[in-house]
Amino acid sequence: MAEDREQRYEPTVIEAKWQARWAAEPALYAADPVTSNKPKYYVIEMLPYPSGALHMGHVRNYSIGDALARHMWMRGYNVLHPMGWDAFGLPAENAALKNNTPPREWTLANIAAMKRQMQRLGLGYDWATEVTTCLPDYYRWNQWFFLRMYEKGLVYRKKSKVNWCPECATVLANEQVIDGRCWRHEDTFVEQRDLEQWFFRITAYAEELLEGLDKLQGWPEKVRTMQRNWIGRSEGTEVDFWLAERINEGTEKSEPAAERKRIRVFTTRVDTIFGATSVQLAPEHPLVAAMTAADSALRAQVNKLIDEQKKAKEAGDIGAIEKHGVPTGHFAINPYNGEQVPIWVANYVLMDYGSGAIMSVPGHDERDFEFAKKYAIPIKRVIAPRDPQAEEPELPFVAEDGVLVNSGEYNGLSCAQAQKKLQEMAARGGFGEAKVIFRLKDWGVSRQRYWGTPIPMIHCDRDGLVPVPDAQLPVLLPHQIEITQQGGSPLGRVPEFVHVKCPKCGDAARRETDTMDTFVDSSWYFYRYTDAKNANAPFDSKVANYWFPIDQYIGGVEHAILHLIYSRFWTKVMRDLGMVKNDEPAQRLFTQGMVIKDGAKMSKSKGNVVSPDDMVERYGADATRMYALFAAPPDRDLDWQEDGVAGVSRFLGRVWRLSTKHMAAARAAKGAATGTPSGVSLKLLRKLHQTIAKITLDFEGRWHFNTCVAAIMELVNDMQAADAQLTSGEVPAPVLYELLRSLMLLLAPFAPFLAAQMWNELGEEAAVLRAPWPKSDPILAKEDEIEVPVQVNGKLVSVVRVPAEASGKDIEATALAEEKVQVRIAGKSVVKIIVVPGKLVNLVVK
RNA sequence: GCCCGGAUGGCGAAAUUGGCAGACGCAGCGGACUUAAAAUCCGCAGGCCUUUACCGGUCGUGGGGGUUCAAGUCCCCCUCCGGGCACCA
């Protein structure tokens with residue numbers, strides 16, 4: 001009975017022991033100081049939101065990062081592998097409402113629980129550098145950065161239409177609106193509201209954010225493409241159409257004259273401007289307001305258009321909506337040819353892109369064509385094919401490689417030439433210029449929420465906006481607060497918070513009550529890791545410059561635009577503040593695939609969630625982690641199959657039994673030379689060195705950890721198959737020792753608990769993490785005999801064994817001598833023989 | 001509509017440079033051990049045809065075409081699935 005129990009692999013017992021030991025020895029996972037002479041390696045997984053429990057996506061993410069970190073430690077790098085908490089955010093307030101728990105307590109309790117889970121998983125983090133964004137230690141630096149950016153003109157306040165989620169009762173950034181709905185409330189349509197908001201001038205960096213993408217070779221192409229689309233750079237021309245005289249009749253005198261005089265349109269195809277047969281305004285264009293001021297019938301029609309546009313935006317399928325327009329009865333003058341064209345208001349023209357007005361060229365634009373057909377607006381041909389012989393193409397003709405016709409003095413120019421000339425003309429005439437516009441908008445950071453970083457600004461009736469002086473930071477978030485569902489900033493209902501003295505004049509003033517978007521927190525947290533305890537600055541530049549850029553950043557692709565653009569922006573701002581030297585935060589980015597179950601993403605609503613705790617309890621942390629790496633390559637989606645976890649657990653049990661069985665013999669031979677191996681010993685050592693080579697190579701780039709695990713399984717299978725020889729002593733003890741020792745080194749990144757245990761049993765005092773990664777001996781790894789397939793006309797006929805160094809001629813001779821080959825080619829003539837040494841032989845016969 | 005991925009046994013997958021398709025694992029089947037079961041160990045295992053059996057034949061990486069001595073891999077066309085973008089002027 002007692003012996004039976006000894007034979008069983010009990011991961012929970014081993015893992016509990018090592019977990020306790022690691023907790024007592026935090027230096028094990030700590031980075032060396034920046035004076036270290038080892039090369040540095042900075043690897044991080046994206047920090048989680050402390051929702052209360054890890055999910056499988058986290059487990060997968062961290063298993064990848066931890067395997068890499070452990071491998072790099074063993075490769076002799078000075079590794080920084082930290083973890084933190086993206087701890088501000090709405091769920092804490094929702095939980096407060098639901099359970100009457102203060103957000104702070106709820107959040108800190110969740111952090112504690114998730115930290116326990118991480119430790120239970122054996123993740124090797126340097127907890128001394130832990131960052132918790134909801135603590136004043138951290139968020140005071142958000143405020144500090146806000147003030148620096150304010151000084152630099154990168155923070156401003158403006159009244160603007162903002163995305164308002166009625167469910168969150170707060171403003172959302174553009175990036176947080178998905179198909180017209182809130183990113184947190186998929187069923188809730190976002191409303192547009194007018195509010196005074198704080199903005200970060202991210203557009204000041206639009207060009208650099210775009211250009212930088214080309215240099216980020218270590219980032220997935222997909223992410224770079226998504227960011228490129230998001231930034232949405234568009235080169236074109238701004239042109240002012242003049243308003244025809246009669247528009248002034250009947251308009252209110254109070255309208256600003258400048259707005260009455262011209263309509264600025266943006267176009268990427270100024271070369272088609274002679275074909276413009278109308279000007280289309282966005283329904284919310286200021287000029288429309290002027291035009292409808294004295295025309296209630298028109299106003300009603302425009303309101304309808306606004307309504308349609310809003311509905312289309314909300315529905316998300318705006319591309320499918322039917323185009324509608326209303327003629328205003330007013331006219332605009334094309335500045336190039338003096339032609340008068342009607343001014344329309346259209347539901348498909350957006351106020352927040354370009355100038356909110358376009359010229360409509362139905363002859364050379366699909367959308368304009370459709371619109372012109374519908375409303376019988378004239379259609380003009382102004383571009384012809386380059387080849388004069390070519391037939392006149394049907395309209396709309398959207399080609400950009402044609403030549404201009406019906407365009408006055410510009411006739412005969414290519415589209416590109418014409419664009420340039422027309423731009424020059426506009427500049428000279430003062431009615432336009434070449435212009436680059438971006439889809440990227442400034443980052444609205446105001447949130448009318450409690451659980452976030454207070455914005456360090458004060459409203460004074462005399463001095464206006466006054467920044468909180470640095471010496472008064474942090475502006476602390478009050479803890480005693482009642483969370484309610486009412487609109488407006490909860491902080492506005494805390495008088496002690498709101499009422500302050502103006503730092504300038506000392507009179508009574510009001511504190512800003514908005515808090516910052518939580519994406520501010522995650523935009524620079526990885527810098528704080530490098531100097532997490534610094535009380536005088538966000539971090540010491542010397543330290544950050546040692547660690548940055550991040551060598552490897554690992555996370556989900558869902559952060560491709562939000563977090564990853566904001567943090568690139570932040571890095572550039574910090575660089576311009578002289579705080580860091582790097583232009584980009586991360587050298588390499590890896591986006592792992594999703595964890596799915598039964599063909600769908602794990603989610604509570606689908607009821608297909610697998611709890612990591614459950615897996616760890618039943619199979620152990622090693623098996624859970626190793627399965628997460630084994631079931632699929634890390635960049636692909638992973639289908640969670642519990643039977644697979646059980647399989648990995650069985651494998652680890654096999655490793656455990658095999659090593660336990662031979663431990664005494666192996667340990668006794670510790671340090672002895674293996675001599676010149678032969679027979680089974682040689683076969684096993686050869687397999688070992690091939691496995692080392694394969695796994696080492698994978699860590700260096702490809703990261704197909706699934707095949708790394710498979711390779712270890714093959715090695716163990718071979719050892720198991722040689723169990724008799726291992727037992728009998730046919731395989732000498734020093735070889736046995738070498739095999740077990742190396743096996744533990746190879747397992748260390750994937751199954752750290754088992755590796756630590758067996759490493760210890762092999763008589764090692766120091767941590768396996770401190771042992772050097774094994775080196776593959778190319779001579780030992782080399783096969784002396786190889787199998788070469790022999791094909792006849794491309795079909796496999798036989799396999800011959802030849803010495804590994806056999807020449808092409810020798811292989812050919814051996815292949816031809818093979819009986820099965822002889823039978824196949826008998827009576828036929830061999831036309832050609834292809835011999836690829838080490839690969840195959842193919843006989844072409846007729 | 002545009003831009004990225006992807007499609008290989010019953011399932012997850014492998015094949016790193018164009019060179020034996022299906023490594024490794026799961027599920028399955030057979031055997032050993034056991035009173036029995038579990039656990040463990042050993043073995044079989046892409047489909048079809050043929051054969052008592054062995055042997056053998058043939059088809060096969062979403063579909064169709066092509067290049068090549070040789071294609072899961074390269075080229076052209078198409079289908080389906082996942083993701084991103086989209087009246088962006």
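Below, chains carry the letters A, B, ... as their sequence lines are ordered, and counting in each starts from 1.
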Of the listed nucleotides ([options]), which one gets closest to any side-chain atom of [X]?
X: A:Arg650; options: B:A14, B:U40, B:C20; value: B:U40
X: A:Arg636; options: B:A7, B:U16, B:C87; value: B:A7
X: A:Gln720; options: B:C42, B:A89, B:C59; value: B:C42
X: A:Thr267; options: B:G12, B:A89, B:G19; value: B:A89
X: A:Asn717; options: B:G25, B:C20, B:C88; value: B:G25
X: A:Gln791; options: B:C88, B:C26, B:C20; value: B:C20
X: A:Asn842; options: B:G12, B:C3, B:A70; value: B:A70
X: A:Lys839; options: B:C42, B:G19, B:A13; value: B:G19
X: A:Met713; options: B:C24, B:C69, B:A89; value: B:C24
X: A:Asn706; options: B:A14, B:A89, B:C24; value: B:A14

Can a donor-acceptor pair under 3.5 Å be found between the side-chain atoms of A:Asn229 and the base atoms of B:C85?
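Under the 3.5 Å cut-off, the side chain and the base do not form any donor-acceptor pair.
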Does A:Lys832 contact B:C69 through a side-chain donor or acceptor facing the base, at a distance under 3.5 Å?
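Such a pair does not exist between side chain and base.
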Write down the partner of [N] under the Watson-Crick or G-U wobble criteria, each distance required to be under 3.5 Å.
N: B:G1; answer: B:C85
N: B:U16; answer: none
N: B:U40; answer: B:A32
N: B:G25; answer: B:C11
N: B:U67; answer: none
N: B:G46; answer: B:C59

Expressed in angstrom and rounded to an integer, what is the separation of [X] atom [atom1] from [N] atom [atom2]?
X: A:Lys694; N: B:C24; atom1: NZ; atom2: P; result: 14 Å
X: A:Tyr619; N: B:G25; atom1: OH; atom2: C1'; result: 14 Å
X: A:Asp643; N: B:C24; atom1: CG; atom2: C1'; result: 16 Å

Reckon [X] touches a base, only the sugar-phosphate, or nothing at all at heavy-atom distances under 4.0 Å?
X: A:Phe371; answer: nothing
X: A:Val844; answer: sugar-phosphate
X: A:Gly232; answer: nothing
X: A:Val557; answer: nothing

Which atoms form the tightest heavy-atom contact between A:Ile64 and A:Trp703, and what is the distance?
CG2-CZ3, 4.0 Å
Side-chain N,O (A:Arg657) to OP1/OP2 (B:C41) below 4.0 Å:
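Yes, A:Arg657 has a side-chain N/O under 4.0 Å of OP1/OP2 on B:C41.
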Let me see the working for A:Glu812 and A:Lys809 under salt bridge (Lys or Arg N to Asp or Glu O under 4.0 Å), right down to the final yes or no.
CA-CA 5 Å; A:Glu812 184 182 324; A:Lys809 271 215 145 52; over 6 Å; no
